[in-house]
Amino acid sequence: MKIVALAGGVGGAKLAHGLAQILKPEELTVIVNTGDDFEHLGLYISPDLDTVCYTLAGLANPETGWGRVDETWNAIAQIERLGGPSWFRLGDRDLATHLERTRLLKEGYTLTEITRAFCKAWGVRHAVVPMSDSPVRTIVETDEGDLAFQEYFVHRHCEPRVKGFRFEGLGSARPATGAREAILSAEAIVICPSNPWVSVDPILAVIPIDEIQGRRVVAVSPIIGGRAVKGPAAKMFAELGIAPSALTVAEHYENVVNGIVVDSVDSELAKQIRIPTLVTNTIMKNIQDKTELAEKILKFIGTLS
Ligand code: GDP
């Protein structure tokens, strides 16, 4: 079965990892949000792409969910000592990725080509593609003004109150070639339990909706028992005047999905969801959890018309 997974960083990477345990390399393409990408210290940084690739490669830091395992922090410590910006934590091994990616971009390679080459070097056999090779930048509109995504997320620790989101660059951004081809040949699309506002919506904004509609599309709720497992998703729902819940996640995606996966703790709430719903454990703490959830999702997809 050919599957496309739409993923942000941490939540997306976990489920992509589970799907990769079951599906053959030619059966899975992970399309990754690049709205979080930014330039920092003169380097092109693509946090969600790296989180997905490091996770699939077995190189991710299991504690944080981002960055590399067995990391050291010498470079950033020296940058701090010199008075440079150290709020965005870049480990020494991770820095190599950003240095080499920036060099290759300057030589004219696309982000898609670079990601493919890095995946090969890291032993990642499933396809990982950025949503677009053109820049799309998520802007968080807050009570303190507009903030570039990483400024809001990392530098300001998601403290400013969210009023809305904007994706700059959409006008000229096209889906990356591999992303469009994968969608067109996919039997089903899995929206991973990533942040709907800032991880999945940018991807859905770049990929023409009519190419997704008509396929079986299943989303996994990142909100469990009214809370996000990690990160600001629930806070964003609340600040936008929407009660964070698996139900409001289902409503958020109602024009795109024909099935939703919610956690067992939300079994009562699930009765109010109007589309086919799979209720199961969706907390992924280890590779078994990831694989079991992926298996159940693939079976659930088989039941959808
Ligand atoms: P980010 O770009 O690193 O924030 O990554 P994502 O958007 O992919 O992931 C953040 C979202 O993943 C949050 O809203 C979390 O609630 C969700 N998440 C993280 N781990 C899990 C998990 O094990 N299960 C579920 N259902 N959601 C998760």
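Since the structure is predicted, the reported quantities are computational estimates derived from the model, not experimental observations. Atoms within a ligand are numbered from 1 in the order they appear, just like the ligands themselves.
- Ionic pairing of Glu71 and Arg68 is not present here: no N-O contact between side-chain nitrogen and carboxylate oxygen is shorter than 4.0 angstrom.
- A salt bridge links Arg101 with Asp50: at least one charged nitrogen is closer than 4.0 Å to a carboxylate oxygen.
- Side-chain rings of Tyr54 and Trp66 stay apart, their centers remaining 6.0 Å or farther from each other.
- Ion pairing between Arg156 and Glu151 fails under the 4.0 Å rule for side-chain N and carboxylate O.
- In summary, the atoms of ligand 1 found under 4.0 Å from a heavy atom of Gly12, numbered by their order in the structure, are 8 (O).
- Within the 4.0 Å heavy-atom criterion, neither part of Asp289 lies near ligand 1.
- Of all atoms in ligand 1, listed by their number and element, those nearer than 4.0 Å to a heavy atom of Ser199 are 2 (O), 6 (P), 7 (O).
- Of the protein's non-hydrogen atoms, the one nearest atom 3 (O) of ligand 1 is Val10 N, 3.0 Å.
- In this structure, Arg166 pairs ionically with Glu168, as a charged nitrogen and a carboxylate oxygen lie closer than 4.0 Å.
- Ranking the protein heavy atoms by distance from atom 9 (O) of ligand 1 puts Gly11 N, 3.1 Å first.
- A salt bridge links Glu107 to Arg103: at least one charged side-chain nitrogen sits closer than 4.0 Å to a carboxylate oxygen.
- Residue-ligand proximity, Asn195 to ligand 1, at heavy-atom distances under 4.0 Å covers atoms 6 (P), 7 (O), 11 (C).
- Looking at Glu239 and Lys163, no side-chain N of the basic residue comes within less than 4.0 Å of a carboxylate O on the acidic one, giving no salt bridge.
- Within ligand 1, counting atoms from 1 as listed, the ones closer than 4.0 Å to a heavy atom of Lys230 are 13 (C), 14 (O), 15 (C), 16 (O).
- For the residue pair Thr72/Asp92, the side-chain donor-acceptor check at 3.5 Å is satisfied.
- Scanning the protein for heavy atoms near atom 8 (O) of ligand 1, the closest one is Ser194 OG, 2.6 Å.
- Closest to atom 6 (P) of ligand 1 among all protein heavy atoms lies Gly9 N, 3.4 Å.
- The closest approach between any non-hydrogen atom of Ile224 and ligand 1 is below 4.0 Å.
- Aromatic ring centres of Trp87 and His157 lie farther apart than the 6.0 Å criterion allows.
- Each of the following atoms of ligand 1 lies closer than 4.0 Å to a heavy atom of Gly8: 8 (O).
- Each of the atoms 22 (C), 23 (O), 24 (N) of ligand 1 lies under 4.0 Å from some heavy atom of Met284.
- In this structure, Ser221 has a heavy atom closer than 4.0 Å to ligand 1.
- Here Lys14 has side-chain heavy atoms under 4.0 Å from ligand 1, and that is the only part of it that gets that close.
- Using bins of under 30°, 30° to 60° and over 60° for the plane-to-plane angle, the ring pair Phe165/Trp197 lands in the parallel bin.
- Within the listing of ligand 1, atoms 22 (C), 23 (O), 24 (N), 25 (C), 26 (N) sit less than 4.0 angstrom from a heavy atom of Thr282.
- Taking every heavy atom of Ala233 and a limit of under 4.0 angstrom, the matching atoms of ligand 1 come to 14 (O).
- Counting heavy-atom neighbours within 6.0 Å of Phe88 CZ, excluding the residue itself, gives a total above 12.
- Among all protein heavy atoms, the one lying closest to atom 11 (C) of ligand 1 is Pro193 O, 3.5 Å.
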